[in-house]
Protein chains: 2
Amino acid sequence: MPTPDRTSQAEIVAAALALVESDGLAGVTMSAVAQRVGVRAPSLYKRVRDRDHLIRLAAESALADLAARIADHADPARHPDPAERLTALAADLRAFARDRPGSYRLVFAPPAEIAGVDPGAFARASAPLLAVAAELVGEEDALEAARTLTAWATGFIAMELAGSFQLGGDVDRAFKYGLTRLVTALRPAS
Amino acid sequence: MPTPDRTSQAEIVAAALALVESDGLAGVTMSAVAQRVGVRAPSLYKRVRDRDHLIRLAAESALADLAARIADHADPARHPDPAERLTALAADLRAFARDRPGSYRLVFAPPAEIAGVDPGAFARASAPLLAVAAELVGEEDALEAARTLTAWATGFIAMELAGSFQLGGDVDRAFKYGLTRLVTALRPAS
DNA sequence: ACCTGAACACCGTTCAAGT
DNA sequence: ACCTGAACACCGTTCAAGT
């Protein structure tokens, strides 16, 4: 007679994400994850192909969390000015990186060996950004603008997480300043 | 009687860098490195505190290589227009990333656990960028401009290395386009 | 003074044996 | 059908013993 399942893939992925935050990626050990979900390491292989697969699932879960957090910025009802919503969106992205740096890194700076997140998931997650960008610069240049903004924002945040801003200065202000500059630069795109 | 040394720290670091490129960071194993320099793994601990230390040394060596490659773009004799030299500098950075993606990642997206490169080394390496930025936007805003450019360029390259540009489009053109836009945005900074 | 084999604790992963 | 202990190959690292 089959025993009731003692865990689930979702629980395992959540445990992995918790461990990324508390102990870093190196702390995401099969046995550490197993212990967290109340099972022995070999049992994990019933729900997950191997550790790389688990890490990828964790990255995708983190991306989904981020997407949920960001989704409503596409809605013009929030604020009539797209530049305003874009600023809020960027601030949310940065807040996510500060709240959950391990998860953020998994999404935007994955270790080379795990082949990162499914590009389709990425595309879905960036739909709100694309929508706002389209409002800002027109459909024609929306993709280009969204890419430029994403490159800058993720680059900035990566530097911040890596501690490259020790020279002082108000990092919050620098972020807003750079964003304003970029929006200005992209706007007269026609 | 002391035997002549069979290897050196420099040789060990070079072996680690070669392995990063050929086998990825996970392939940089103490015994793989040892084999490459013709010694057994325990001997490495005479020149290097532990694996993390070796990885950090490798990152610093990669940064030095990059700095050397980029240094002469600060010289106005190369081209009178700073925007022109900036474009060349950015192109060099991107070329480095394509030639040696493993080394590039070590410098700009290091695994969280190795605490990255010494900030001082980073500052020295970015001196040429700062000089060109100062020419472009004035001493006052040079640091801000350099940071914005670095954030965008490293973000763009990270996306490129991660394969986030599958939607097609000419990536070379996108890079130049974005850079031009940024330079335009930063220039009227006074 | 450097180098080594042996040893230790710890990984990821497989698999036969349990329920 | 899920779970487990035992086992395997492989890590990083230490250390006593060699030269």
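Chain identifiers are assigned alphabetically (A, B, ...) following the order of the sequence lines, protein sequences preceding nucleic acid strands; residue numbering begins at 1 within each chain.
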Whole angstroms only, please: what is the [atom1]-[atom2] distance between [X] and [N]?
X       : N       : atom1 : atom2 : answer
K46(B)  : dT14(D) : NZ    : P     : 11 Å
I55(A)  : dT13(C) : CD1   : C1'   : 15 Å
R49(A)  : dG12(C) : CZ    : P     : 16 Å
Q35(A)  : dC11(C) : CD    : C1'   : 15 Å
E113(B) : dG12(D) : CD    : C1'   : 14 Å
D23(A)  : dC11(C) : CG    : P     : 11 Å
Y45(B)  : dC15(D) : OH    : P     : 12 Å

Self-check item: Residues D5(A), R47(A): salt bridge by 4.0 Å N-O rule
Solution: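 Salt bridge: yes.
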Quiz item: Less than 4.0 Å between a side-chain N and a carboxylate O, is that true for R181(B) and D141(A)?
Solution: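 Result for this pair is no, no salt bridge flagged.
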Quiz item: Where along residues 10-22 of chain B does a heavy atom come under 4.0 Å from DNA chain C, residue by residue in number order?
Solution: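 Hits under 4.0 Å, by residue number: none.
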Quiz item: In terms of side-chain heavy atoms of D50(A), which of dT14(D), dC2(D), dT13(C) is nearest?
Solution: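 Of dT14(D), dC2(D), dT13(C), dT13(C) is nearest to the side chain of D50(A).
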Are the side chain of [X] and the backbone N or O of [Y] linked by a donor-acceptor pair below 3.5 Å?
X       : Y       : value
E21(B)  : S103(B) : yes
R105(A) : A109(B) : no
R40(B)  : A34(B)  : no

Exercise. Do nucleotides 4-10 of chain C as a string where each nucleotide becomes B, S or -: B if the base has a protein heavy atom under 4.0 Å, S if just the sugar-phosphate does, - if no protein is that close.
Key: BBB----
Practice problem: Measure the shortest side-chain to side-chain distance between L106(A) and V117(A) over non-hydrogen atoms and say whether it is less than 4.5 angstrom. | Solution: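 A side-chain contact is absent here, since even the closest heavy-atom pair is not under 4.5 Å.
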Quiz prompt | Minimum side-chain heavy-atom gap L93(B)-Y104(B) below 4.5 Å | solution =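 In short, these two side chains touch, coming nearer than 4.5 Å.
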Practice problem: Of all the heavy-atom pairs spanning L129(A) and A146(A), show the shortest one and how long it is. | Solution: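 Result for this residue pair: CD2-O, 3.9 Å.
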Exercise. Please name the pair of heavy atoms, one in G155(B) and one in T154(A), separated by the smallest distance, quoted to 0.1 Å.
Key: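 Closest pair (atom of G155(B), atom of T154(A), distance): CA-OG1, 4.1 Å.
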Quiz item: How would you label the contact of R47(A) with the nucleic acid (heavy atoms, under 4.0 Å): base, sugar-phosphate, or nothing?
Solution: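 The residue R47(A) makes sugar-phosphate contact but no base contact.
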Quiz item: Do the ring planes of F122(B) and F108(B) sit parallel (below 30°), tilted (30 to 60°) or perpendicular (above 60°)?
Solution: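 If you compare the ring of F122(B) with that of F108(B), the planes turn out perpendicular.
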Quiz item: Do the numbers put R94(B) on top of the ring of F175(B), so that NZ or CZ is under 6.0 Å from the six-membered ring centre and no more than 45° off the axis?
Solution: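 Judged by the rule (NZ or CZ under 6.0 Å from the ring centre, within 45° of its axis), R94(B) counts as positioned above F175(B).
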Practice problem: Write out the stems for DNA chain D, ordered by first number and formatted as range with range, counting runs of at least 3 consecutive Watson-Crick or G-U wobble pairs under 3.5 Å. | Solution: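 Expected stems, ordered by start: C:4-8 with D:12-16, C:12-16 with D:4-8.
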